[in-house]
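Beneath this line is the structure, given in structure tokens, with notes to follow.
Naming convention: chains lettered A, B, ... in sequence-line order (proteins, then strands); numbering from 1 in each chain.
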2 protein chains.
Amino acid sequence: MTKKKAQAEAAFLATYDPKDFPRPSVTVDLVILTITDADLKVLLVERGEHPFQGRLALPGGFVRVAEGQREQGEGLDEAAARELAEETGLEPGSVYLEQLAAFGAPLRDPRTRVISVAYFALVRPTLAPLVRAGGDARAARWVSVADAKDLAFDHDAILAAALARVKRELDASSVAFALVPETFSIQELRAVHEVVRGEALDPGNFRKRFLRMVEDGVIEPARGKRLTASKPASVYRFVQNRDRDRAATAPASRR
Amino acid sequence: MTKKKAQAEAAFLATYDPKDFPRPSVTVDLVILTITDADLKVLLVERGEHPFQGRLALPGGFVRVAEGQREQGEGLDEAAARELAEETGLEPGSVYLEQLAAFGAPLRDPRTRVISVAYFALVRPTLAPLVRAGGDARAARWVSVADAKDLAFDHDAILAAALARVKRELDASSVAFALVPETFSIQELRAVHEVVRGEALDPGNFRKRFLRMVEDGVIEPARGKRLTASKPASVYRFVQNRDRDRAATAPASRR
DNA sequence: TCAAAAGTGTTTCTCGTACACCCATGT
DNA sequence: ACATGGGTGTACGAGAAACACTTTTGA
């Protein structure tokens, strides 16, 4: 019975020519995150038209596509980077950008079939205030993720997936360093972990983890001090291209 | 200058009506994995037509789309499940299926712009031999991932991403249990880890990890024994819906 | 001088790793 | 009898967690 069905599908496919059938619109949607005031914020735009008029939504736009054999338009990463620049006015490269997932349930857009490739972006808190200035016509604004409910389309689900992803990657990858200034104190990095994970961390224990990363060459000391409410703190810098460095300077693994 | 550009883009977008612009074809591509003969295998099809005629490729097909306001065709997960059933003839539900990522670089398909949403599927070794019987007309066959080179399109990259993903998720999620029979011995699960990670694991240490999972209720003993070259081994079963069970029976966390 | 946060140290527990060893079974 | 692999125990070190304590600064 499933076998019969499979054969019918196969027969269908054999005669299926994409040119003859409708194609979906494809968009990129962006979950642009930053941390200000010890709070995780997401950049949202208010929809001017139906559907979901007046509701908040993730910024996004259509992927520019051409059908040619030589020219086929922009890639997905390219489209996401372009939208990001349009929406924030920030230099590309100063913002961390990574693909999240594709969302393509039918009727997620009531007008027509739209498949969206979602990306998430992480903006340093030092750059966050500059966003509105450079942004495009639509009024984009930072909204606390705690308040980001009842978004348009399926954007609640996309946002939730992005938050889960960032939380998962916090310890494994370098995303945390995209949410602090170029140079940062131990406390500032700890604050990022605390805000993303939603719980307080022991300063002493975090410090030990941090210093271990320094020994491993993941982080290096930087010049200057960070002024605080009390004693000034040392600042550090994230070391990019650390794979090359590690290979060069011999592992020295703590094993 | 980026500001000027951003404004130009904004003006463009305001007049941008998706109906007026070309849309890409959207496909799902499947990385279907199994383990047989202590070797990780991927299901590939040989292409009958240009481009890449004669080359091996990941199975896949177009997402069926409608443009209506009521009917918009099938969802991405649905399309992937359908393709999986067509290609393997296996019951849906007996195979693990998860979205991997979207691949949409221009010119990845020389004919026209195609954006592909890739999925990976994990087939139990007990079901792997049944695949060719139920599959559709195209000759699908299991190929060792070590030999799966020079695939059509950008399928090398998709395969590599799938392997990296499975490797990453091995310890964190339940994917390992999708690569053993319904009931399995400790050794069988260890073999999965060894094949995926590509290195030998200490049998004694793995056993301890395994028994800890039994205590945590992730795995439960099953009836029967597995015959080996020597002493028969006990078999176990993966416990699904363990979140519900955990909530019901009180954590009893080993803390 | 006092509060706040940087920075240091200690103790305990768990886990991963390496490795030695016993035991049951089929050939 | 013996090799094979199941099953068990031990010892070491790294790291997570909890927590007490000292030091340096700004207000």
Could you write out each protein N or O paired with an N or O of nucleotides 8-10 of chain C at a distance under 3.5 Å?
unit_1 : atom_1 : unit_2   : atom_2 : d
C:dT8  : OP2    : A:Arg207 : NH1    : 2.6
C:dT10 : O4     : A:Lys208 : NZ     : 2.9

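Among the heavy atoms of the strands lying under 4.0 Å from B:Ser234 are primed sugar atoms or P, OP1, OP2 only; no base atom is included.
Between A:Glu215 atom CD and D:dA14 atom C1' the separation is 13 Å, expressed in whole Å. What separates CD of B:Glu194 from P of C:dT17 is a distance of 13 Å, to the nearest Å. One interatomic measurement links the two molecules: NE2 of A:His193 to C1' of D:dA16, which rounds to 14 Å at whole-angstrom precision. The nearest whole Å value for the distance from the NZ atom in A:Lys231 to the P atom in C:dA6 is 9 Å. Here C:dT27 presents its C1' atom at 14 Å from CG of B:Leu227, a figure rounded to the nearest Å. In this structure, the NZ atom of A:Lys225 is 16 Å from the C1' atom of D:dG26, given to the nearest Å. Remark: C1' of D:dA16 and CZ of A:Arg197 are 11 Å apart, rounded to the nearest angstrom. Between the P atom of D:dG6 and the CZ atom of B:Phe206 lies a distance of 12 Å, rounded to the nearest Å.
For the side chain to side chain contact (heavy atoms under 4.5 Å, CB included) test with A:Leu58, the passing option among A:Leu30, A:Val28, A:Val31, A:Ile32 is A:Val31; the others fail.
The CD1 atom of B:Ile186 sits 5.0 Å away from atom CG of B:Leu211, with the distance rounded to the nearest 0.5 Å.
In this structure, B:Arg82 does not pair ionically with B:Glu78, as no charged nitrogen and carboxylate oxygen lie closer than 4.0 Å.
The backbone N or O of B:Ala80 sits nowhere less than 3.5 Å from a side-chain atom of B:Glu83 that would complete a donor-acceptor pair. Remark: the backbone N or O of A:Phe177 is paired with a side-chain donor or acceptor of A:Arg124 at under 3.5 angstrom. Counting only distance, with no hydrogens or angles, the side chain of A:Tyr119 and the backbone of A:Asp77 share a donor-acceptor pair below 3.5 Å.
A perpendicular orientation is assigned to the rings of B:Phe184 and B:Phe210, their planes being inclined by more than 60° (bins at 30° and 60°).
Of the candidates C:dA6, D:dT4, D:dA16, D:dA16 carries the atom nearest the A:Arg209 side chain, counting heavy atoms from C-beta on. Of the candidate nucleotides C:dA4, D:dT24, C:dC15, C:dC15 has the atom nearest to the side chain of B:Arg212. Of the candidate nucleotides D:dA16, C:dA6, D:dG6, D:dG6 has the atom lying nearest to any side-chain atom of B:Thr228.
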